[in-house]
Amino acid sequence: VLELPPAQYGTRVRRWIRDVYELDGELRRPEHGRDFAPRKVSSNPAGDYYLSLLLALQIVLRSNSRHKVKYARHLKALCAGTQPEVQPHPEVARALTGLARTLALVSCQIACEQHHLEVYRRRNRDSAAGWWPYRAQLLGYTLEELRRRAAQRGIDLRRKSARALLLLLDEAELVRAAAIDLFMALGYDAAHALALGEAVRAAFEAGGWSVCDDRAGGNIFSAAVPERWIHEVCTLEAGELLTPFLLPVPATPARPRAEPAREAV
């Protein structure tokens, strides 16, 4: 929309996410998972990103686009209307690590996908039609793309699901996808769920863990994950693991007491 030269796209985007801005009242560089998150687009090898409204506003103001005033005003209005100040929970960093460990279990990945599917069905009149195209667009890749990548690496494609292919291609993506499913089921919008999914993936990679198919049992890593964490993810009953990620519930006004006759009815 800024109508900047397409040939300079890669250079500009790299500069945008590395520059220093005034964000949240302080001068700093954009933070991964807070101000931006990678967005997987197979048709764009130069890289693509989700941006926070605040970062997008700063980028527009620094651009030399002839449309900068129009879009800066629009973004400023969005920031004022949809970005209340939220203090980060002190346990979020620890919870991200615990969530990364838990979502390394295949049983928990499947449970998160089912939670997300249930939400999708409720929003679509109890219909799952269009679920797979919707989820592929959300995650940024399709089964066909995974098969194409696997074929390029010489991987046998026979009787392999998307999960089996990702286990060979990029097992951290299984954790990211499960985290996105989980946060969508908890009521997050897509942009925030994607950003948190990237944060969980980063925690998984930093921990040096591997994905574990715990459904067969007998794995040392799956035994090291607390049962209460697995229970939280599989049932969405918030405890020490999920509580830091719960969205604030808006207060509902007290209902006025009904008249005696109406109350009896």
Might you confirm whether atom CD of Gln137 has over 12 heavy atoms from other residues, nucleotides or ligands at distances under 6.0 Å? no
Does the ring centre of Tyr134 sit less than 6.0 Å away from the ring centre of His116? yes
Closest approach of Ile180 to Gly197 (non-hydrogen atoms, all atoms of both residues): CG1-CA, 4.1 Å
State whether the side chain of Tyr188 and the backbone N or O of Leu196 hold a donor-acceptor pair below 3.5 Å, judged by distance alone. no
Side chains of Leu242 and Trp229 in contact at under 4.5 Å (non-hydrogen atoms): no
Looking at Glu232 and Arg228, is any side-chain nitrogen of the basic one under 4.0 Å from a carboxylate oxygen of the acidic one? no
Spacing of OG belonging to Ser52 relative to NE2 belonging to His192, to within rounding of 0.5 Å: 8.5 Å
Which distance, rounded to the nearest 0.5 Å, do you find between the CG of Leu4 and the OG of Ser63? 6.0 Å
Arg147 versus Ile155: any side-chain heavy-atom pair under 4.5 Å? no
For Ala100 and Val175, work out which heavy atoms get closest and say how close. O-CG1, 4.2 Å
In terms of ring plane angle, is the pair His32 and Phe36 parallel, tilted or perpendicular, where the classes change at 30° and 60°? perpendicular
Yes or no on side chain to side chain contact (heavy atoms under 4.5 Å, CB included) for Leu166 and Arg163, after CA distance, side-chain angles and deciding distance? CA-CA 5 Å; Leu166 282 172; Arg163 190 178 305 279; 5.9 Å; no
Counting distance only, does the side-chain N/O of His74 pair as donor-acceptor with the main-chain N or O of Val69 below 3.5 Å? no
Flag the pair Arg176 and Glu173 as a salt bridge only when some basic side-chain nitrogen lies within less than 4.0 angstrom of an acidic carboxylate oxygen. yes
Nearest-0.5 Å distance that lies between atom NE2 in His231 and atom OG1 in Thr235: 3.5 Å
Is the side chain of Arg101 donor-acceptor paired with the backbone N or O of Ala224 at a distance under 3.5 Å, no angle test? yes
Val106 side chain reached by Leu174 side chain, heavy atoms, under 4.5 Å: no
So, do Leu105 and Asp213 sit near enough that their side-chain heavy atoms are less than 4.5 Å apart? no
Quick check against the 3.5 Å criterion: does Lys68 have a side-chain atom that pairs as donor or acceptor with the backbone of Asn64? no
With a 4.0 Å cut-off, would you call Asp35 and Arg29 a salt bridge? no
Kindly compute the distance separating CG (Leu51) from CD1 (Ile17), expressed to the nearest 0.5 Å. 9.0 Å
Passes side chain to side chain contact (heavy atoms under 4.5 Å, CB included), Glu240 versus Arg94? Steps please. CA-CA 10 Å; Glu240 63 177 299; Arg94 188 171 67 86; 3.9 Å; yes
Min side-chain heavy-atom separation Arg12-Pro5 under 4.5 Å: yes
Side chain to side chain contact (heavy atoms under 4.5 Å, CB included) between Val200 and Phe204, worked out: CA-CA 6 Å; Val200 172; Phe204 172 79; 5.5 Å; no
Any side-chain heavy-atom pair of Asp48 and Pro38 under 4.5 Å: no
Measure the spacing between CD of Glu145 and CG of Leu169 and express it to the nearest 0.5 Å. 12.0 Å
Between Arg28 and Glu22, is the closest basic N to carboxylate O distance under 4.0 Å? no
Given Asp181, which partner from the list Gln114, Arg135, Gln109 fulfils the side chain to side chain donor-acceptor pair (under 3.5 Å) test? Arg135
So which heavy atom on Ser210 is nearest to which on Ala104, and how close? O-CB, 3.8 Å
Start with the C-alpha distance between Ile59 and Tyr21, add both sets of side-chain angles, then the distance that settles side chain to side chain contact (heavy atoms under 4.5 Å, CB included), and finish with yes or no. CA-CA 9 Å; Ile59 289 171; Tyr21 305 88; 3.8 Å; yes
Flag side-chain contact, heavy atom, 4.5 Å: Arg14 against Tyr9: no
Give a yes or no on whether the backbone of Asp126 and the side-chain of Asn124 come within a donor-acceptor separation of less than 3.5 Å. no
Ala185 versus Val119, closest heavy-atom pair with distance: CA-CG2, 3.8 Å
Assigning hydrophobic clusters by single linkage (Ile, Leu, Val, Met, Phe, Trp, Tyr; side-chain heavy-atom cutoff under 4.5 Å), is Val20 placed with Leu61? no
Closest non-hydrogen atom pair, Glu198 against Ala37: CG-CB, 4.1 Å
Spell out, yes or no, whether Leu57 and Val1 are grouped together once hydrophobic residues are joined by side-chain heavy atoms under 4.5 Å, including indirect joins. yes
Looking at Ala193 and Met184, what are the two nearest heavy atoms and their distance? CB-SD, 3.7 Å
How long is the gap from CG on Leu75 to NZ on Lys70, to the nearest 0.5 Å? 11.5 Å
May I have the step-by-step check of salt bridge (Lys or Arg N to Asp or Glu O under 4.0 Å) for Glu144 and Arg148, ending in yes or no? CA-CA 6 Å; Glu144 289 71 23; Arg148 186 163 54 250; over 6 Å; no
Can you find a heavy atom in the side chain of Arg73 that is under 4.5 Å from one in the side chain of Lys76? no
Asp170 bridged to Arg149 by N-O distance under 4.0 Å: no
